[in-house]
Amino acid sequence: MLQKKICLLGAFSVGKTSLIQRFVSSLFDDKYLTTVGVKIDKKIVTVDQQEIMLMIWDLAGEDDYNTLNKNHLRGAAGYILVIDGTRPKSLDVGLAVHDKVKEALGDVPVVVALNKADLIDEWILDADQLAKLEEKLPVLRTSAKTGDNVELLFSELAARLQ
Amino acid sequence: MSTITEAVLTKLDKVVLTYVEDGYFERENEAHSWFLEIWGDEKKFQLIGFSEYLDNFIVDAIEHWNSGKVEVLSSGPFLEQSASNPELPLEAEAISIGTSLILTITNLGESYQQKLDLLQAARHNLLSNEQLEIEVSKRTATIRQREAEISGRLIYAAGFRDEETGSHINRIGLYSAAMGRALGWSQFAVEDICTAAPMHDLGKIGIPDNILKKPGKLTDEEFEVMKTHPKIGAEILGDSEIEMIQVASEIAASHHENWDGSGYPAGLKGETIPIAARIVAIVDVYDALVHARVYKPAMPEEEALEIMASLVGNKFDPELFQLFLDNIQEMRDIRTNILD
Ligand SMILES: Nc1nc2c(ncn2[C@@H]2O[C@H](COP(=O)(O)OP(=O)(O)OP(=O)(O)O)[C@@H](O)[C@H]2O)c(=O)[nH]1
Ligand SMILES: [Fe+2]
Ligand SMILES: [Mg+2]
């Protein structure tokens, strides 16, 4: 079976692990358990009647204590950039990560997850910045909590993988 | 391997492998159960194909070995799924010793948990700082909004007597803010002048109707009365604790001062005129010239800028006028976005 490596990237606590957990095991936990180190999950998706095994790399968040290790990106066919709608800072970090990844991987497919859509009333992202982002990249509003758009998120990326 | 070395490696929960050839490694010490669960109990075995993460790290390890570097290359922690543990915390290290190419794999066990706890606490901390920042900026935004509303209501009150259009007044704020940004002012200072500048003529509220609303030219005496509007404005805005009102008061007081000292009411000269007032003096004239008024048609921008250029040095601050010209496109955008 065809195997494809994808990565989840973004600031800390935006919901990378939660999105993977929702997608792979249909589970969600409200409690925040940070990820230390790298965990790889697998799930089979079907694109154009062809099965693809997604190797999903959950990379620890970017913050004062952790920066992106470019070696972890090697061989990635695409990635999901996760941004937390309730935290403007996660948008800045996300954009910086995006630049870094582009430098390392070139133009591989990316889909942006604007996560925590269930908390949309608490979203405080800058509208202009968002509009610019949406012009540049495919963006989906997701919720790992309710499961909204999570399947779609992964299948959108899978469909774009070469 | 000595029994002591063996015991130490067991204690450290570390397995030492040496590279043989063709992807084959040889295990140098007793394998621990977690290791056997993933890589099996053969002494010589193919490492690749059992751990996605390690497979990726081997590429870095080979590069490291080939580079002849003496230090240890660490893979960083990763979580592997074994039969008895769905999240086994491991770390690999690549070292070359003489001609031996060594790879160690360590079960981080307790130390992983400690690292996790530390990072967990640190990230909780970062999160609450972030939340605090968001809270503060929300409150600041609320205060700003209130200031803008009060300013808007004052201008509205003045508008009952003065004919000045609301859009002219708004544009004055935006041009001034653009100048502030071009000067590299802080966001706060930019917002202050944006809200304050539209109040520059507030003092006209204190000018009697027969003068303020007189259709023709004012007599010298009448003009003397008209010239009191900066003072009245400054008095209304007063001696405020609120930064934005302070700026507004300065602007109201000094927007008819001239660079060469020929202005009114105080005849201030050069940089003794507050910079916010010097800015408003420029943008007010610009906006008035390029827009139509009941008593005059709109003037083409080119002509307006020529007239303004002739006022540089006597009326306008030359450096600020140059900055205004450097940012003329932004001024035009403001003009076209906020029409009369
Ligand atoms: N309401 C809501 N909470 C979410 C959602 N996704 C994640 N969370 C919560 O946000 C917190 C962080 O989620 P994680 O999945 O651990 O985030 P992460 O990006 O993996 O974090 P790090 O591993 O520390 O980088 C947890 O408390 C989750 O329960 C969502 O869609 N809605
Ligand atoms: Fe005036
Ligand atoms: Mg995580």
Side-chain angles (χ1 to χ4, degrees), chain A residues 3-7 11-17 20-21 24-25 27 31-42 53-76 84-93 116 119 122-126, chain B residues 49-64 73-81 85-92 94 106-108 111-142 187:
Chain A
Q3 276 195 11
K4 295 282 180 190
K5 169 176 175 177
I6 63 169
C7 301
F12 72 99
S13 194
V14 292
K16 299 179 293 296
T17 306
I20 296 173
Q21 201 168 36
V24 174
S25 339
L27 294 174
K31 198 159 168 275
Y32 174 36
L33 273 175
T34 189
T35 307
V36 173
V38 179
K39 185 157 179 267
I40 303 164
D41 278 286
K42 296 170 199 174
M53 168 84 84
L54 289 183
M55 313 296 282
I56 309 166
W57 287 53
D58 182 1
L59 299 178
E62 278 249 315
D63 59 28
D64 298 357
Y65 306 94
N66 189 55
T67 51
L68 188 63
N69 180 344
K70 285 189 181 162
N71 292 340
H72 289 155
L73 300 173
R74 183 185 301 116
D84 180 342
T86 66
R87 286 167 52 218
K89 210 167 177 175
S90 76
L91 178 55
D92 301 337
V93 174
K116 311 200 183 175
L119 300 177
E122 292 168 39
W123 277 26
I124 41 174
L125 295 184
D126 182 71
Chain B
F50 297 95
S51 159
E52 186 73 17
Y53 187 85
L54 205 60
D55 292 357
N56 182 63
F57 177 65
I58 289 295
V59 179
D60 303 313
I62 290 172
E63 196 175 295
H64 183 71
L73 178 73
S74 165
S75 73
F78 60 104
L79 297 163
E80 208 50 67
Q81 195 166 1
N85 187 349
E87 294 200 341
L88 178 68
L90 300 177
E91 186 160 40
T106 309
N107 179 358
L108 298 173
S111 74
Y112 177 78
Q113 191 57 46
Q114 280 161 13
K115 191 168 179 179
L116 188 77
D117 292 345
L118 262 174
L119 265 168
Q120 182 82 57
R123 288 190 174 137
H124 266 298
N125 220 350
L126 286 178
L127 265 187
S128 45
N129 282 350
E130 241 182 85
Q131 246 125 36
L132 215 64
E133 267 173 45
I134 291 171
E135 201 45 52
V136 169
S137 67
K138 264 190 201 159
R139 285 190 196 184
T140 317
T142 310
Q187 178 69 23

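So that the names make sense, note that chain A is the first sequence line, chain B the second, and so on, each numbered from 1.
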Min side-chain heavy-atom separation A:K39-B:Y53 under 4.5 Å: no

Distance, nearest 0.5 Å, that separates CD of B:E130 from NZ of A:K89: 5.0 Å

A:K42 atom NZ: more than 12 heavy-atom contacts under 6.0 Å: no

Pairs of heavy atoms under 4.5 Å with chain B: top-ranked of A:D63, A:N69, A:T86: A:D63

Choice from B:K138, B:K115, B:E87 maximising heavy atom contacts with chain A below 4.5 Å: B:E87

B:D55 side, atom CG; A:R74 side, atom CZ - distance, nearest 0.5 Å: 11.0 Å

Chain A contacts, top residue of B:Q120, B:E80, B:E133, B:Q81 (heavy-atom pairs, under 4.5 Å): B:Q120

Which portion of B:I134 sits near chain A, non-hydrogen atoms under 4.5 angstrom: side chain

More than 12 heavy atoms of other groups within 6.0 Å of B:E63 CD: no

A:N71 backbone acceptor or donor facing B:N56 side chain under 3.5 Å: yes

Under 3.5 Å donor-acceptor, A:Y65 side chain and B:R123 backbone: no

Exercise: identify the closest heavy-atom pair between A:V36 and B:L79: O-CD1, 4.2 Å

Structural part of A:Y32 lying under 4.5 Å from a heavy atom of chain B: both

Which of B:G76, B:S137, B:S51, B:P77 touches chain A most, by non-hydrogen pairs under 4.5 Å: B:P77

Part of A:K5 within contact of chain B (heavy atom distance under 4.5 Å): side chain

Spatial distance of atom CG (B:L118) from atom OG1 (A:T34) [nearest 0.5 Å]: 12.0 Å

